[in-house]
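A short worksheet on the structure shown next.
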Amino acid sequence: MTIDRNAPCWCGSGKKYKKCHLDFDEKIKAYELKGYEVPPREIIKTPADIEGMKKAAIVNNGVLDLVGEKICAGMSTEEINTLVHEYTIAHGGIPAPLNYQGYPKSVCVSINNVVCHGIPSEETIIQDGDIVNVDVTTIVDGYYADASRMFMIGQVSQEAERLVRVAKECMEIGIEAIKPWGFLGDIGAAVEEHARKNGYSIVVDLGGHGIGKQFHEEPFVPHVGERGEGMLLVPGMTLTVEPMVNEGNYEVCFDEEDGWTVYTEDDSLSAQWEKTILITETGVEVIAY
Ligand code: MF3
Ligand code: CO
Ligand code: CO
């Protein structure tokens, strides 16, 4: 699409296009002409979009802080669901998981060998020694924020503790690998290298994603890959980095009965941390954590 140089910029800044995003768009076009995969305009956030996502993130971060205060052995994962649901609604948000593609609850709670998408239940009781991922996504005024943290319950084995720590490092190293005008593959390469160095594997069947006015937008963010490959990363893109790190094999299986729960195929432990980030002119800004 070509815009009149003197027309207002598409980003809503009120500036003329030629004084705002014209050079930016031309730079992207140049990459495209050289054969690189480039981000479509729809996934580049305007200042108003970023403000909206930050509002959603405030509620989302508050939910995870609350879960961190309350989570303990003896609690059912249904109780976590109630906490998340009520806090979110009370703060003007909507829990994004609820009814998302038929998902029945307001949060995902994934324990030990559950990789992700664990469905809260009164029957699932959090035990001493468990490692628990709580994955929270909040919608405020149509904008999404998505993050997850691990919680170690009571006395956790040294092996489990190391997995949780390395999984967090994998996420952080993945985020540090993001550079404006770098490539999507830079993230996965860094994450995979760190996991492998520590004797762990990275899940490839699920990954991070673009996010904004939708839960899951382009691009899919692999946590394995090659530097310099995949989509060009530019300022204004918002992504999640959320590597799932397995103690054993990278392979996973999906629960056929509930249609959601993802397990490690070999029943080994799995850990995951997730943040929503914004790519800026100079690097990365964390939005939801
Ligand atoms: N929050 C997950 C993610 O990080 C997605 C959960 S989908 C749900 O992408 F339906 F299970 F909630
Ligand atoms: Co999530
Ligand atoms: Co996500």
Side-chain angles (χ1 to χ4, degrees), residues 43 45 53 56-57 59-65 67-68 77-78 80-85 87-88 93-111 114-121 124 132-140 143-151 167-168 170-172 174-175 178 184 187-188 191 202-223 237-245 252-263 270-279 284 286-289:
I43 67 167
K45 272 63 189 178
M53 291 180 70
V59 180
N60 207 71
N61 298 340
V63 173
L64 279 163
D65 288 345
V67 170
T77 56
E78 180 65 31
I80 304 285
N81 187 72
T82 304
L83 276 178
V84 169
H85 189 91
Y87 181 99
T88 304
I94 299 167
L98 188 59
N99 302 319
Y100 174 75
Q101 295 185 356
Y103 187 80
K105 297 285 176 176
S106 297
V107 63
C108 298
V109 184
S110 304
I111 303 178
V114 177
V115 173
C116 62
H117 303 168
I119 303 175
S121 152
T124 309
V132 185
N133 173 276
V134 180
D135 191 339
V136 178
T137 313
T138 305
I139 314 169
V140 173
Y143 287 104
Y144 288 71
D146 186 10
S148 80
R149 301 181 195 165
M150 293 299 295
F151 300 100
K168 189 171 192 201
C170 283
M171 172 193 64
E172 288 163 349
I175 292 171
I178 299 173
L184 196 59
I187 303 172
V191 169
I202 292 289
V203 173
V204 301
D205 288 354
L206 301 122
H209 48 93
I211 180 168
K213 281 188 184 168
Q214 293 182 80
F215 201 154
H216 298 110
E217 292 181 353
E218 254 196 283
F220 174 77
V221 179
H223 299 109
M237 288 170 77
T238 46
L239 309 171
T240 71
V241 178
E242 50 177 307
M244 284 144 274
V245 183
V252 298
C253 49
F254 298 80
D255 194 306
E256 303 211 334
E257 259 159 58
D258 70 26
W260 283 98
T261 314
V262 182
Y263 302 90
S270 186
Q272 178 184 30
W273 295 76
E274 174 177 26
K275 288 181 179 174
T276 296
I277 63 94
L278 164 70
I279 304 177
V284 163
V286 173
I287 294 190
Y289 52 83

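Counting starts at 1 for both ligands and their atoms, following the listed order.
At least one donor-acceptor pair closer than 3.5 Å links the side chain of T276 to the backbone N or O of D146. In this structure, T82 contributes its side chain and E78 its backbone to a donor-acceptor pair below 3.5 Å.
Of the heavy atoms in P97, both backbone and side-chain atoms come closer than 4.0 Å to ligand 1. Looking at H216 against ligand 1, only its side chain comes within 4.0 Å, counting heavy atoms. With a heavy-atom cut-off of 4.0 Å, T240 does not touch ligand 1 at all.
Closest approach of S270 and M150 over heavy atoms only: O-CE, 4.3 Å. Contact record, M53 with A145: O-CB, 4.2 Å, taken as the closest heavy-atom pair. The heavy-atom pair separating L184 from F220 by the smallest distance is CD2-O, 3.3 Å.
Taking the six-membered ring where the residue is Trp, Y100 and W260 present tilted rings, their angle falling between 30° and 60°.
Atom numbering of ligand 1 starts at 1 in the shown order; those under 4.0 Å from a heavy atom of E274 are 4 (O). With ligand atoms numbered from 1 in the order given, ligand 1 contributes 1 (N) to contacts under 4.0 Å with heavy atoms of T137.
The shortest N or O to N or O distance between W260 and ligand 1 is not below 3.5 Å. Of the polar atoms of H117, none of the N or O atoms is found under 3.5 Å from an N or O of ligand 1, judged by distance alone. For ligand 1, none of its N or O atoms has an N or O atom of Y103 under 3.5 Å away.
Ligand 1 has H209 within reach: a non-hydrogen atom of the residue lies less than 4.0 Å from it.
One side chain, H209 or E242, offers a donor N or O that lies under 3.5 Å from an acceptor on the other. Side-chain contact check for N60 and T138: at least one donor-acceptor pair (N or O, by modelled atom type) lies under 3.5 Å.
The shortest contact between atom 3 (C) of ligand 1 and any protein heavy atom is with D146 OD2, 3.3 Å. The single protein non-hydrogen atom nearest to atom 5 (C) of ligand 1 is F215 CZ, 3.6 Å, given as residue, atom name and distance. Atom 4 (O) of ligand 1 has E242 OE1, 2.8 Å as its closest protein atom, hydrogens excluded (heavy atom only). Annotation: atom 2 (C) of ligand 1 to nearest protein heavy atom, D135 OD2, 3.4 Å.
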Decide side chain to side chain contact (heavy atoms under 4.5 Å, CB included) for I279 and I178; before the verdict, give the C-alpha distance in whole Å, the side-chain angles of both, and the deciding distance to 0.1 Å.
CA-CA 8 Å; I279 304 177; I178 299 173; 3.8 Å; yes
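Ion pair E172/K275 not flagged as a salt bridge, since none of the NZ, NE, NH1 or NH2 atoms sits closer than 4.0 Å to an Asp/Glu carboxylate oxygen.
When distances to the Co ion (ligand 3) are checked against a cut-off of 2.8 Å, H209 contributes an N, O or S atom below that limit. The nearest N, O or S atom of D135 is not closer to the Co ion (ligand 3) than 2.8 Å.
The Co ion (ligand 2) sits nearest to atom OD1 when only the N, O or S atoms of D146 are considered. Taking the N/O/S atoms of E242 in turn, the shortest distance to the Co ion (ligand 3) belongs to OE2. Among heteroatoms of the N, O or S kind in E274, OE1 lies nearest the Co ion (ligand 2).
Within a 6.0 Å sphere centred on OH of Y289, heavy atoms belonging to other residues, nucleotides or ligands number 12 at most.
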